[in-house]
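One structure is given here, and the rest of the page talks about it.
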Amino acid sequence: MSFLDTFFDGAVMAKYLPDLLAALVTTLWLSAAIVVAGLALGLVLACLRSLGRWYLTLPIVAFADISRALPPLVVILVFYFGLPGLGISLSGPMVLFVVLGGVLAAFAEEIFWAGLTSVPKGQWEAGRATGLGFMQTLFDIALPQAIRMGIPSLVNRALAITKMTALGSVIGVKEILSVSSSAQSFSGSATPLTMAALAYLAIFLPVVIFARFLEKRYT
C-alpha cells in the first residue's frame, strides 16, 4: 500500500469528512468558551488578590497552585466519573469547559498578578495622590499595563490549554481526536488521523502565528 493510500485515501476522506467537520465545530466552540471564561475568571481573581485581604489571597493562591499542579486529565476523570457518586452529573463538554477553563484561569491569574506587581509603586502612589481611589487606580492605571505586559504569555497559555480539548476523547466528547480515532478504527486506515492533524493545524496554526506576532510587538 502506498503512502497516499495509507494517509490520504480519498474515499475514506469523503466518508468521514462530515463527521470531522461536526467535531471541528465542537472543538472550536469549546475552545472559545474555555478561553473567554478562563481569562475572565483569571482577571477577576487577580483583581481580588490585589486588594491584599488574606481571606481572599489564601484561597486564590491555593486555587492557582493546585490547578496548575494537577494533571488536567486526572481532574477530568475525577469530575466525569466521580461526581455522579455525589449526585452531580456533568456532560462531557461541560466537564471539559469547567476543568480546562479553571486551569486557564489559574495560569491567567498568575500572569495578571505578575503584571500588576510589576507596575512601579510610584504609579500607584501617583494615582492616589491625584484623588483616585484604589479601584480607580487599579482599573485606570495598573490593570491596562498589566494586561499589555501579559498578552504574549496569555495567548501562549490559552493556546496550550485549548489544545487539551483532545482530552475529551477519553470521556466521549465528539471532538476532533475522538471522532478521528473512531473513524480510524472502523476504516482500518490512517487517513482519519491525517484529517485530524490537518484540522488541528487549521485551527491552531493561525493562533501560533498570531502569538508570535504579539511576542515581537509586546516584548
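You'll find the side chain of Q184 stays beyond 4.5 Å of the side chain of S181, heavy atoms only. Residues M13 and F8 are in side-chain contact: their nearest non-hydrogen atoms beyond the backbone lie under 4.5 Å apart. The closest side-chain heavy-atom distance from Y80 to L90 is not below 4.5 Å. Between L20 and P192 there is no side-chain heavy-atom pair separated by less than 4.5 Å.
Across all their heavy atoms, L104 and I34 have their closest contact at CD2-O, 3.6 Å. In plain terms, the two heavy atoms of V207 and I203 that are nearest each other are CG2-O, 3.6 Å. Considering all non-hydrogen atoms of both residues, A23 and V179 come closest at CB-CG2, 3.6 Å. Across all non-hydrogen atoms, the minimal contact from I76 to V99 is CG1-CG1, 3.7 Å. Annotation for P93 and L30: closest pair O-CD2, 3.6 Å, computed over non-hydrogen atoms. F112 and A146 get closest at one heavy-atom pair: O-CB, 4.0 Å.
Side chain of T194 to main chain of F7: a donor-acceptor pair is present (N/O by atom type, distance under 3.5 Å, no hydrogens or angles). Formation of a donor-acceptor pair under 3.5 Å by the S180 side chain with backbone atoms of L177 is found in this model. A distance-only check finds a donor-acceptor pair linking the side chain of R68 to the backbone of A64 [under 3.5 Å]. When atom types are taken as modelled, the side chain of S118 and the backbone of G115 share a donor-acceptor pair closer than 3.5 angstrom. The backbone N or O of W113 sits less than 3.5 Å from a side-chain atom of T117, completing a donor-acceptor pair. Using a distance-only test at 3.5 Å, with no hydrogens or angles considered, a donor-acceptor pair links the side chain of R53 to the main chain of L51. With hydrogens and angles ignored, the 3.5 Å screen pairs a side-chain donor or acceptor of E175 with a backbone N or O of S178. In terms of modelled atom types and a separation under 3.5 Å, the side chain of T162 and the main chain of L159 share a donor-acceptor contact.
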(message) side-chain contact (heavy atoms from CB on, under 4.5 Å) for L116 and L138? Distances and angles first, verdict last.
(response) CA-CA 9 Å; L116 288 173; L138 172 65; 3.8 Å; yes
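S189 and T191 form a side-chain donor-acceptor contact under 3.5 Å, judged by distance and modelled atom types alone.
To the nearest 0.5 Å, atoms SG (C47) and CG (L143) are separated by 5.0 Å. The line from CG of D65 to CG of L70 is 11.0 Å long, rounded to the nearest 0.5 Å. We find the CG-CD1 distance between L45 and I60 to be 5.0 Å, quoted to the nearest 0.5 Å. With rounding to the nearest 0.5 angstrom, the CZ atom of F204 is 7.5 Å from the NZ atom of K163. The line from CD1 of I147 to CD1 of I111 is 12.5 Å long, rounded to the nearest 0.5 Å. How far CG of L48 is from OH of Y55: 10.5 Å, rounded to the nearest 0.5 Å.
Under a hydrophobic clustering in which Ile, Leu, Val, Met, Phe, Trp and Tyr are joined whenever their side-chain heavy atoms come within less than 4.5 Å, directly or via other members, V173 and F81 fall into the same cluster. Under the 4.5 Å side-chain contact rule for hydrophobic residues, L41 and V75 share a cluster. Transitive grouping of hydrophobic side chains (ILVMFWY, heavy atoms separated by less than 4.5 Å) brings L73 and V95 into a common cluster. If you chain together hydrophobic residues whose side chains sit under 4.5 Å apart, L39 and V36 never meet in one group. The hydrophobic clustering, which links ILVMFWY residues whose side-chain heavy atoms are closer than 4.5 Å, places L56 and V44 together.
For residues 23-52, every residue pair satisfying the side-chain hydrogen bond (donor to acceptor under 3.5 Å, both in side chains) rule, not counting sequence neighbours, is listed here: R49-E109, R49-E110.
Taking a 4.5 Å side-chain heavy-atom cut-off between Ile, Leu, Val, Met, Phe, Trp and Tyr, the cluster of F186 extends to V12, Y16.
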